[in-house]
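Below you'll find the structure, written out as structure tokens, and then a few comments.
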Amino acid sequence: MTLGRRAQITAIVLALPAALAVTAGIDWLRARDTRLVLGRFVDALQTDVVRDACTNDPNWFLAGPRTGRPSMAERNIPDADVHLPRPSADPLPIDVFAYDASFQGLSTASPRFPNALRDPMRRTPPEPRTFGSYSSPAGTGMQVAQLTGWAGPCAVLLVRMQPRPGLWWGRLGTFAVLSLLFVAVALAATMPTVARVRRLSVQAGASARGKWETIAPDAGKDEVSAMAFVLNDAATEIHRREAEVADRVEALRRIVSALSSDVASPFANLEASLAALAHLPVAADAQPKVRASVEQAHQLASRLRNLLAATELRIQNDPLPVMPHDLAAVVRAALDRIQPLATFAGIALQASIPGAPLIVALDPAYAPIAIGNILENAVRYNTAGGRIDVILEPRNTEVFSLVISSRGRDVSDEEFKGLTAIRRFRGDEGWNRRPNAPGLGIAVAREIADRSGWKLEMRRPAGGGFDVEFNGGLQPKRT
């Protein structure tokens, strides 16, 4: 959830209770004002004129100034109480009813005296004035009872005020307006801070995408400004460390370059010189030593090549700069290099390679290492009298296939699991591993294939042995 959305939700959550509380406060003030109005109205009724009017005409006066009031002459005719109309019970804005000392109303329009107002007036000492509420079709109104001190039918007056029309709609409108107002105030108070935080995050992202430039200082003097200073300090530190890493990478690159020229090349020459012994007649008692020398020279040269290749791959960590090149020539060179090792191990090499150039996209420095590592493993996971088949062919006009098949002994489940388990290149595969487990060669070969746009697949054929296949795209022939 974004900071702005959280601020909006928080503003709404805080505004609704506040608006409800203020609405309730407004209702309380209105009720207080209504009590004051009723109290003053009752005070105005306690005059001699009102007392005489109530005593002389309790039935009609007590119902308020209603229409249809009969004259005194009409009320003095025989059976007037039967033929004349009764006072109307329709409510007026303010109704006044009179009751005797026993709280009995003499007007036919008088309601039953409320118990909640009567009980306090019966106490000792009695309360002369009590307020309460009552229910009407228009809602809840307010009423007040007053002990007048007059004898007769007007000992107690009950005054009722009808509720204001549209009271609930008014309350709802007040609540809605206050809610919107409080939400607007809360957002107006929080959104500038949210905008500053968003601006700071955008600047931090731009700094991270660039060279960790410093962020423009915030004009405030609060936590957001402090955060900007902290980010600036972090950017400066990261920039310094990046410079240190770049220096170290450059130093490592120089070391790798020096090793490649000063160590790897002499090792390759030594390997080639010893490999030439495979074609010369050697005394029987010297053959084991020659074989061991060739194997050790090949192993040292291979490990050095893989270590240098792994280091360079870790440094650049980008796709290889491939170019159109003859893959058939690369495979032949790799076979020539591995041939002496296979000869001393008693393993036959059989190759099926097109005579014409097979142009594919590859890195001429790394592709021979990847193919050589797989050939070396084919010799390693083999036995005397075994065979290695190398088949290079175009599958169609767009894809080539290079299959290196080892035939001599079966690969166990554990060995196959170890060979196929390396899926990601880390660069330390040759340091922490089990004895006789595949080391850096497989990882380097897979990494070179991935960065060249090739695929490397390993499988165990049904007839036994172990197959490794490279496949990738062919370069279109020039016309």
Between [Y] and [X], is there a side-chain heavy-atom distance shorter than 4.5 Å?
X: N471; Y: L402; result: no
X: S179; Y: L16; result: yes
X: I448; Y: D363; result: no
X: Q350; Y: R387; result: yes
X: R160; Y: I94; result: no
X: M142; Y: S133; result: no
X: S452; Y: D450; result: no
X: Q162; Y: P93; result: no

Quick one: which of E312, R451, E447 gives a side-chain hydrogen bond (donor to acceptor under 3.5 Å, both in side chains) with Y366?
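Only match with Y366 under side-chain hydrogen bond (donor to acceptor under 3.5 Å, both in side chains): E312.
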
Should the pair [X]-[Y] be classified as a salt bridge under the 4.0 Å nitrogen-to-oxygen rule?
X: R123; Y: E127; value: yes
X: E469; Y: K455; value: no
X: R460; Y: D413; value: yes

Give the minimum heavy-atom separation between [X] and [Y], together with the two atoms involved.
X: L14; Y: P17; value: O-CD, 3.5 Å
X: R332; Y: P354; value: NH2-O, 2.6 Å
X: L335; Y: V390; value: CD2-CG2, 3.8 Å
X: S405; Y: D467; value: OG-OD1, 3.0 Å
X: N382; Y: R407; value: OD1-O, 3.5 Å
X: L392; Y: L327; value: CD1-CD2, 3.7 Å

How long is the straight-line distance from [atom2] of [Y] back to [atom1] of [X], given to the nearest 0.5 Å?
X: L474; Y: E398; atom1: CG; atom2: CD; value: 8.5 Å
X: S136; Y: M161; atom1: OG; atom2: CE; value: 12.5 Å
X: D318; Y: L313; atom1: CG; atom2: CG; value: 10.5 Å
X: R305; Y: L440; atom1: CZ; atom2: CG; value: 12.5 Å
X: L341; Y: I347; atom1: CG; atom2: CD1; value: 7.5 Å

Carefully, step by step, assess M458 and I442 under the rule side-chain contact (heavy atoms from CB on, under 4.5 Å).
CA-CA 11 Å; M458 299 182 181; I442 296 293; 3.6 Å; yes

Under a 3.5 Å cutoff, is there a donor and acceptor pairing between the side chains of N306 and R303?
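Their side chains do not contain a donor-acceptor pair, so the 3.5 Å distance test is not met.
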
Between E393 and S352: side-chain donor-acceptor atoms closer than 3.5 Å
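Absent: no donor and acceptor within the cut-off.
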
Report the residue from [options] that forms a side-chain contact (heavy atoms from CB on, under 4.5 Å) with [X].
X: V444; options: N373, L308, L307; value: N373
X: L349; options: I388, D389, D336; value: I388
X: F175; options: L180, T23, I26; value: T23

May I have the step-by-step check of side-chain contact (heavy atoms from CB on, under 4.5 Å) for L158 and V144, ending in yes or no?
CA-CA 6 Å; L158 177 66; V144 59; over 6 Å; no

Between W454 (side chain) and L362 (backbone), is there a donor-acceptor pair under 3.5 Å?
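A pair under 3.5 Å: no.
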
If only atom types and distance count, is the side chain of N396 paired as donor or acceptor with the main-chain N or O of V399 below 3.5 Å?
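The answer is yes, because a donor-acceptor pair under 3.5 Å joins these two groups.
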
Are more than 12 heavy atoms, taken from residues, nucleotides or ligands other than R459, located less than 6.0 Å from that residue's CZ atom?
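Buried by this count: over 12 neighbours within 6.0 Å.
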
Heavy-atom neighbours of E457 CD exceed 12 at 6.0 Å
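For E457, atom CD is crowded (more than 12 foreign heavy atoms under 6.0 Å).
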
Derivation of the side-chain contact (heavy atoms from CB on, under 4.5 Å) call for V360 and H325
CA-CA 6 Å; V360 302; H325 202 82; 5.8 Å; no

Who passes salt bridge (charged side-chain N to carboxylate O under 4.0 Å, His left out) against R129, sequence neighbours left out?
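Checked R129 against salt bridge (charged side-chain N to carboxylate O under 4.0 Å, His left out); matches are D43.
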
When you look at I374 and F470, which way does the side-chain contact (heavy atoms from CB on, under 4.5 Å) test go after all the steps?
CA-CA 10 Å; I374 300 303; F470 291 97; 3.6 Å; yes

Any residue meeting ring-ring contact (aromatic ring centres under 6.0 Å, His included) with Y134, in chain and number order, not counting sequence neighbours
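Testing Y134 for ring-ring contact (aromatic ring centres under 6.0 Å, His included), a comparison that skips the adjacent residues, returns none.
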
Flag this pair as yes if the NZ/CZ of R35 is under 6.0 angstrom from the six-membered ring centre of F131 and inside a 45 degree cone about the axis; otherwise no.
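Yes, R35 sits over the ring of F131.
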
